There are 2 protein chains.
Amino acid sequence: MRQDNRLSGALHVLLHMAEAGRPVTSEALARALDTNPVVVRRVMGGLREQGYVRSVKGHGGGWTLSCELERVTLKDVYEALGSPQLFAIGNRSDNTQCLVEEAVNISISEALADAEARLMARFGEITLAALSADFHRRLAERGGPATLEEIHI
Amino acid sequence: MRQDNRLSGALHVLLHMAEAGRPVTSEALARALDTNPVVVRRVMGGLREQGYVRSVKGHGGGWTLSCELERVTLKDVYEALGSPQLFAIGNRSDNTQCLVEEAVNISISEALADAEARLMARFGEITLAALSADFHRRLAERGGPATLEEIHI
DNA sequence: CCGTATCGTAATTTATGAAGTTACATGAGA
DNA sequence: TCTCATGTAACTTCATAAATTACGATACGG
C-alpha cells in the first residue's frame, strides 16, 4: 500500500526554513524534497491556516516560519495537515448486522485506537525545536560547520 | 488512502468456521463477507500454510479449522497474512544524505515503531477464543438462540 | 505601467496495491 | 465420468497521494 509522506515532507520543509532565516520559495523547498513546488504549496497550506508559517507573493517572497519551534509538536503538524489516515489496515465494513463482524470490528478498532493514542502522545512530546537540535547534533558529529549549501537552501 | 481489510476478513471467516463445525466452502464464506470466493482463498492461503486451517477439494470439501481457538491470537493471524503494512504514513525517502531528513525520519520511525509494538502486544493478547466468546455474549444479549442462518453459514 | 517572480488553485495524469473478476487447471467424491 | 471444490494466474477496477500542467492573482523593481 502506498504511503502518505506529507508529515515527513512538512517537517523536512519546516526545519529547512528554520535554517534559512529568510523567505524560501516553494521552488527551493521542492528541490530539497526532490519534488514539485505545487506539492510543497499544497502541503504548506494547512500549516499556514494554523499560523505556523506565512507565505508572501512576488519578488523576494516565499515561506517563513511564524511560530516558535519550542511550541509546535509533530502532533500539531500532523493535525494541521488534516490528520491524515494513520493506519493502512481497518475493518471490512462499519455498518454491519452480523454479530461476528461486530465482535471482530470492535476488537480491532480498540487495538488501533490504543495504538493511535500512543502515537499521538509520542508526537505530542516531540517539538520542532527537538528535531532541530537533533539535526544540529548530527551536523556537529559529522564535523564541519553548516553551510547553506549543505542544507540545500 | 485505501484500507487493507484482510485481517478483518480473515478473523470474520475464522469465527464463522468455528460456528459451523463442518467444512465451509469459499463460496459460503464469500457470501458472509459479501465478497468473492477467490478473495477468500487468497486470504486463507497464508492461514493454511501456518496450519490454522485446512482445505479439502471436491464434494463435501471446503475449509475447516485445524487449531485451538485459545492458542491463536490476532497477532498470529496478522503474521500469517504476511504482516501487511500497518501504517498509511511514512518517511518520504529512506536513503538520504540530508541530515535534516535523517533527523525527521528517525523521530517519525521511532514513534511508529513504538505504536506498532504496542499494537502487536495488544493483538498478541487477543485470542480467537476471546473473540468467539465476545460474539456469543452479544448473541445472548440480543436474545434468542443462534441458528445457522443467523450466522450466515 | 510593464515585466518578472512568486504564490494559489483547479484540472489532469501517474503510480500503486488491495480488491474484485475471469478463466482454467487440479483433485475428490458420487 | 460428472460435478463440486480448491489453486492460481491474469486481468480489471478502484481509491488516493503524488506529480504535472495550466492559468490566475499579486507584489516588487525598474
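Everything quoted here is computed from the prediction, not taken from an experiment. Protein chains get the first letters and strands the later ones, always in sequence-line order, with residue 1 at the start of each.
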> Nearest whole Å is fine: how far is C:dT6 C1' from A:Leu29 CG?
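About 13 Å, once rounded to whole Å.
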> Short question: side chain of B:Asn91, backbone of B:Ile108 - any donor-acceptor pair under 3.5 Å?
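Looks like no, no N/O pair under 3.5 Å.
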> Specify the separation, in whole Å, of atom CG of A:Asp34 and atom P of D:dT20.
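For the pair A:Asp34 CG and D:dT20 P, the rounded distance is 9 Å.
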> For B:Trp63 and D:dC4, what is the distance between atoms CH2 and C1' respectively, to the nearest whole Å?
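One finds 15 Å between C1' of D:dC4 and CH2 of B:Trp63, rounded.
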> Base, sugar-phosphate alone, or nothing: which one does B:Arg48 contact when heavy atoms must sit under 4.0 Å apart?
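Sugar-phosphate, no base atom in range.
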> Can you tell me if the side-chain N/O atoms of B:Ser55 get under 4.0 Å from OP1 or OP2 in D:dG7?
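Checking D:dG7 against B:Ser55, a side-chain N or O does come within under 4.0 Å of OP1 or OP2.
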> Any salt bridge between A:Asp114 and A:Arg118, counting N to O under 4.0 Å?
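Between A:Arg118 and A:Asp114 there is no salt bridge, as every charged N stays at least 4.0 Å from the carboxylate O atoms.
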> Under 4.0 Å, counting only non-hydrogen atoms across every strand here, what does A:Asp4 touch: a base, just sugar-phosphate, or nothing?
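Sugar-phosphate: the residue A:Asp4, judged by heavy atoms under 4.0 Å, touches backbone atoms but no base.
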> Are OP1 or OP2 of D:dT6 and a side-chain N or O of B:Arg41 less than 4.0 angstrom apart?
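Result: yes.
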> For B:Asn5 and C:dG20, what is the distance between atoms CG and C1' respectively, to the nearest whole Å?
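Roughly 13 Å, once rounded to whole Å.
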> For DNA chain D, whose closest nucleotide is more 5', that of A:Val56 or that of A:Val39?
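In this pair, the answer is A:Val39.
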> Once you apply a heavy-atom cut-off of 4.0 Å, does A:Gly62 come out as touching a base, just sugar-phosphate, or nothing?
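Sugar-phosphate contact only.
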> Using a cut-off of 4.0 Å on non-hydrogen atoms, how would the nucleic acid contact of A:Arg6 be classed: base, sugar-phosphate, or nothing?
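Sugar-phosphate only.
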> Can B:Thr73 and B:Asp76 be said to form a side-chain hydrogen bond (donor to acceptor under 3.5 Å, both in side chains), step by step?
CA-CA 5 Å; B:Thr73 66; B:Asp76 296 324; 3.2 Å; yes
> Okay, side chain of B:Gln85, backbone of B:Phe87: is any donor-acceptor separation there less than 3.5 Å?
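Side chain of B:Gln85 to backbone of B:Phe87: a pair is present.
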> For D:dA19, does either OP1 or OP2 sit under 4.0 Å from a side-chain N or O belonging to A:Thr35?
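Yes, within the criterion.
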> Can you measure B:Gln85 atom CD to C:dG17 atom P for me and round it to whole angstrom units?
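Atom CD in B:Gln85 sits about 9 Å away from atom P in C:dG17.
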> Among the clusters formed by ILVMFWY side chains lying less than 4.5 Å apart, do B:Leu69 and B:Val13 turn up in the same one?
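Same cluster: B:Leu69 reaches B:Val13 through Ile, Leu, Val, Met, Phe, Trp or Tyr contacts under 4.5 Å.
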> Which one, C:dG3, C:dT21, C:dT26, comes nearest to the side chain of B:Asn36?
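Nucleotide nearest to B:Asn36's side chain: C:dT21.
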> Report yes if a donor N or O on one partner sits less than 3.5 Å from an acceptor N or O on the other, where the partners are the side chain of B:Arg42 and the base of C:dG20; otherwise report no.
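Yes.
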> A:Val38 near the nucleic acid: base, sugar-phosphate alone, or nothing, with a heavy-atom cut-off under 4.0 Å?
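Base, at least one base atom sits under 4.0 Å.
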> Could you state the atom-to-atom distance from CZ of B:Arg54 to P of D:dA5 in whole Å?
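Spelled out: CZ on B:Arg54 to P on D:dA5 is 19 Å.
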